[in-house]
Engineer: 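One structure, pasted below without further comment.
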Amino acid sequence: MADDSSSSAATKTEEKRSWADEESEEETISTANPPPDGNEDSERLDLKKIEVLSITEDKGKDKDDVKDVDKDGGVGLLDNPDDSDIKAVPSGDTVYSSALRFEDLNLSKELLKGIYVEMRFQRPSKIQGISLPMILTPPYKDLVAQAHNGSGKTTCFVLGMLSRVDPNKKLPQAMCICPTRELAQQNQDVFLKMGKYTGITSFLAIPADSANYVPVSKLPPVTDQVVIGTPGTIKKWTSARKLGTRGIKILVFDEADHMLAEDGFRDDSLRIMKEIQGSSIAGCQVLLFSATFNDAVKEFVSRVVKDANQIFVKKEELTLDKVKQYKVQCPDELAKIDVIKDKIFEFGQKVGQTIIFVHTRNSARMLHQTLSQDGFECTAVQGALKQGDRDKIIKEFKDGITKVLITTDLLARGFDQSQVNLVINFDLPVKYDFRSEPDYEVYLHRIGRTGRFGRKGAAFNLLCTDRDRILMEKIERHFNHTIPEVPNWRSEEDFEKALKDAGLL
DNA sequence: AAAAAAC
């Protein structure tokens with residue numbers, strides 16, 4: 001691909017330290033996607049315009065989640081979830097202005113009603129204000145958007161899909177691909193709420209419960225305008241010719257870095273993308289959203305979607321600030337379990353809900369069994385469960401019926417439950433193919449399950465082996481952030497102090 | 001070894 005490294009100085013300087021991961025990454029995309037010759041000035045102007053507007057935006061009014069409003073009785077109490085600097089890099093000479101109000105976006109009145117009445121939003125959050133004009137303004141360029149956990153990404157692409165779809169045409173026009181069934185379901189829930197008055201319908205493309213299995217060939221073709229689902233099922237419906245792709249004009253990848261990662265869903269994602277781009281009549285806009293984009297994926301992304309608008313968020317310090325992180329040295333595995341029983345159950349219930357992450361399905365099952373036997377009420381969810389059980393456990397947790405949920409990385413990404421105040425890394429996340437290396441992205445996503453929308457949260461990393469300690473050090477070094485230690489794993493007072501410092505007690 | 005899906 002072309003690599004015009006003489007791309008505008010504005011692009012480079014504006015972008016400095018804008019990505020989450022490392023400084024060295026920043027130039028990867030800017031140089032890989034140089035603006036067309038002669039556009040340097042407009043580039044610079046575009047950047048200025050967006051940044052100036054975004055800075056003048058109201059603070060403390062943003063929100064992303066209706067539960068937020070319901071349970072807190074007012075988002076004004078929350079900090080702005082995305083105070084961080086957002087750097088927008090338009091790819092061409094289109095001028096975009098950040099939307100300060102939803103009225104600025106030319107949305108239908110039905111959609112506005114959904115936004116205000118159902119979602120109870122007041123104004124676009126920063127990422128929404130900047131990304132929505134890019135999504136909705138012709139010539140509908142592709143978009144790579146990084147926004148930190150809990151800042152309102154879902155709203156961006158759901159609104160994007162809803163406003164680009166023609167309700168009068170009964171065929172799929174928008175598609176959203178997600179890494180887990182749970183996330184697909186959650187996104188559809190948001191879609192249904194926001195699009196309630198639009199008459200636009202959706203199809204949830206996840207595997208049917210095996211109990212009432214019907215071959216796809218026996219099912220009617222999809223006529224819903226929006227499809228939300230997981231890669232395998234979308235592929236299956238497409239190849240069975242029950243899911244037409246010719247009308248698709250907007251294709252969203254949620255958790256896009258994972259969807260395009262080599263050890264993620266890259267092959268499936270590319271196949272679906274190619275299929276749609278090959279058949280789409282009007283041409284298809286691709287939107288890639290995630291809180292994280294590591295070096296490798298970023299490089300790949302810049303080759304997959306060339307000439308894309310880009311939004312980068314300097315967000316890792318912010319995420320790490322909002323969620324107070326701790327490490328706890330434990331002499332052995334049993335001590336870890338004691339910490340869960342005596343400290344986490346003790347304090348966790350007081351402050352809200354807790355998610356405990358473990359490495360394998362089996363350890364999720366085992367830990368659940370151990371805790372349940374001793375009368376500690378909790379549930380566990382992992383991919384080996386039947387879909388019905390997965391759904392039930394998730395629903396109980398989202399309804400607040402269960403307070404402590406044990407899970408694998410099934411729920412590491414995207415899972416949105418504002419009442420979660422505590423995240424426990426019972427096992428630290430490690431790279432799939434190199435287990436002495438931490439998985440930095442998964443770490444960030446896991447702790448991002450708490451501290452949503454500017455709310456307070458705490459994360460405890462339970463360490464017992466030397467390996468754990470080394471992993472933890474690497475994580476601290478990577479994010480350039482020293483994680484304080486709970487001095488004594490047996491001490492009530494130490495945990496109490498930690499939670500107080502986190503603002504939870 | 002997580003995750004999705006597979007009939």
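Here is how names work: the chains are called A, B, and so on, in the same order as the sequence lines, proteins then strands, and each is numbered from 1. Side-chain atoms are counted along with the backbone in the values below, which use heavy atoms only and exclude waters and symmetry mates.
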Engineer: Picking from B:dA5, B:dC7, B:dA2, which would you name as closest to the side chain of A:Asp409?
Structural biologist: B:dA2

Engineer: Given B:dA5, is OP1 or OP2 found less than 4.0 Å from the side-chain N or O atoms of A:Lys235?
Structural biologist: no

Engineer: Between B:dA2 atom C1' and A:His359 atom NE2, what is the distance in whole Å?
Structural biologist: 7 Å

Engineer: In whole Å, I'd like the distance from the CD1 atom of A:Ile228 to the P atom of B:dA4.
Structural biologist: 17 Å

Engineer: Any idea how A:Tyr326 and A:Phe460 line up, ring-wise: parallel (<30°), tilted (30 to 60°), or perpendicular (>60°)?
Structural biologist: parallel

Engineer: Over all strands shown, is A:Pro231 touching base, sugar-phosphate only, or nothing at heavy-atom distances under 4.0 angstrom?
Structural biologist: nothing

Engineer: Have a look at A:His258 and tell me which of A:Phe265, A:Phe293, A:Phe289 forms a ring-ring contact (aromatic ring centres under 6.0 Å, His included) with it.
Structural biologist: A:Phe265

Engineer: Which one, B:dA5, B:dA2, B:dA4, comes nearest to the side chain of A:Glu182?
Structural biologist: B:dA4

Engineer: How close or far is atom P of B:dA4 from atom CG of A:Leu183, stated in whole angstroms?
Structural biologist: 11 Å

Engineer: Counting only side-chain N and O atoms of A:Thr360, is one of them less than 4.0 Å from OP1 or OP2 of B:dA2?
Structural biologist: yes

Engineer: If you check the A:His258 side chain, which of B:dA4, B:dA2, B:dC7 turns out closest?
Structural biologist: B:dA2

Engineer: Distance alone, cut at 3.5 Å: any donor-acceptor contact between the side chains of A:Gln382 and A:Thr408?
Structural biologist: no

Engineer: Rounded to whole Å, please give me the gap between CG in A:Asp209 and C1' in B:dC7.
Structural biologist: 14 Å

Engineer: A:Lys236 has an atom NZ; how far is it from atom P of B:dC7, in whole Å?
Structural biologist: 6 Å

Engineer: For A:Asp427, answer base if it contacts any base atom (sugar-phosphate contacts may also be present), sugar-phosphate if it contacts only those atoms, and nothing otherwise; contact means non-hydrogen atoms under 4.0 Å.
Structural biologist: nothing

Engineer: Does a nitrogen or oxygen in the side chain of A:Arg390 sit under 4.0 Å from OP1 or OP2 of B:dA4?
Structural biologist: yes

Engineer: How close or far is atom C1' of B:dA2 from atom CD1 of A:Ile356, stated in whole angstroms?
Structural biologist: 18 Å

Engineer: Looking only at the side chains, is there a donor atom on one of A:Asp254 and A:Asn187 sitting less than 3.5 Å from an acceptor on the other?
Structural biologist: yes

Engineer: Measure the distance from CG on A:Leu410 to P on B:dA5 and round it to the nearest whole Å.
Structural biologist: 11 Å

Engineer: In whole angstroms, how far is the P atom of B:dA2 from the CG atom of A:Asp433?
Structural biologist: 15 Å

Engineer: For residues A:Gln417 and A:Arg449, is any side-chain donor paired with an opposing acceptor at under 3.5 Å?
Structural biologist: no

Engineer: Which listed nucleotide (B:dA5, B:dA6, B:dA2) is nearest to the side chain of A:Arg181?
Structural biologist: B:dA5

Engineer: Side chain of A:Thr233 only, heavy atoms from C-beta on: which candidate in B:dA4, B:dA5, B:dA2 is closest?
Structural biologist: B:dA5

